[in-house]
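Note sheet for the following structure.
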Amino acid sequence: MLQVLSSESAQAILGTLKSEPRTASEIAKSVDQSVQNVSYHLERLCEADLITPIETWYSEKGREMTVYALATEQLIVQFHDSTD
C-alpha cells in the first residue's frame with residue numbers, strides 16, 4: 001500500500017476523489033495527465049483497496065465508464081515496535 005501511495009500521480013488522484021466520485025477521464029482532466037496513466041494508477045489504487053468502483057455511467061456515445069470513489073475517508077498507518 002505504501003508503495004502505491006509513494007506515487008505523486010496516485011496522491012493527486014486520491015486528492016481529486018476526495019471531493020466526489022469521478023470517471024477516469026474526469027480524473028485525468030483534473031490532474032492534467034493522460035487517461036492511460038490515470039487508468040494504470042486507478043488499477044493499482046483499487047488493488048490496494050484505497051479506491052473502489054461504485055457504479056457505471058454511459059457516455060453519449062454509449063461507452064461504459066466506471067465511476068471511482070475513495071474506499072475510506074481515513075487511512076491510519078501504525079508501526080509496531082518489535083519488542084512489544
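Positions are given from 1, in the same order as the sequence printed here.
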Original post:
Can you find a pair of side-chain heavy atoms, one from Leu42 and one from Ile51, that are under 4.5 Å apart?
Top reply: yes
Quick one: does [X]'s side chain have a donor or acceptor within less than 3.5 Å of a partner on [Y]'s backbone?
{"X": "Ser7", "Y": "Val4", "value": "no"}
{"X": "Gln11", "Y": "Leu5", "value": "yes"}
{"X": "Ser39", "Y": "Val35", "value": "yes"}
{"X": "Thr52", "Y": "Ile54", "value": "no"}

**OP:** Going by the side-chain contact (heavy atoms from CB on, under 4.5 Å) test, name the single residue among Val38, Asn37, Leu50 that passes it with Ile13.
**Re:** Val38
Kindly give the heavy-atom pair with the smallest separation between [X] and [Y], and that separation in Å.
{"X": "Tyr58", "Y": "Met65", "answer": "C-CE, 4.1 Å"}
{"X": "Asp49", "Y": "Ala71", "answer": "O-CB, 3.4 Å"}
{"X": "Ala48", "Y": "Met1", "answer": "O-CE, 3.6 Å"}

**OP:** For the pair Thr23 and Tyr68, evaluate side-chain contact (heavy atoms from CB on, under 4.5 Å) and give the outcome as yes or no after the intermediate values.
**Re:** CA-CA 6 Å; Thr23 65; Tyr68 297 92; over 6 Å; no
**OP:** Examine Leu14 and Val31 and state if one hydrophobic cluster contains both, with Ile, Leu, Val, Met, Phe, Trp and Tyr joined whenever side-chain heavy atoms are less than 4.5 Å apart.
**Re:** yes
Original post:
If Ile, Leu, Val, Met, Phe, Trp and Tyr residues are connected whenever their side-chain heavy atoms lie under 4.5 Å apart, and connections chain through other members, are Ile27 and Leu70 in the same group?
Top reply: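 Result: yes, single cluster for both.
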Subject >> With sequence neighbours excluded, residues passing salt bridge (charged side-chain N to carboxylate O under 4.0 Å, His left out) with Arg22 >> reply: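 Salt bridge (charged side-chain N to carboxylate O under 4.0 Å, His left out) check on Arg22 returns Glu20.
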Subject >> Stepwise side-chain contact (heavy atoms from CB on, under 4.5 Å) check, Glu26 with Trp57 >> reply: CA-CA 12 Å; Glu26 291 172 330; Trp57 292 346; 3.9 Å; yes
Subject >> Pairs satisfying salt bridge (Lys or Arg N to Asp or Glu O under 4.0 Å), at least one member in residues 31-47, at least two apart >> reply: none
**OP:** State whether the number of non-hydrogen atoms from other residues, nucleotides or ligands found under 6.0 Å of Gln36 atom CD is greater than 12.
**Re:** no
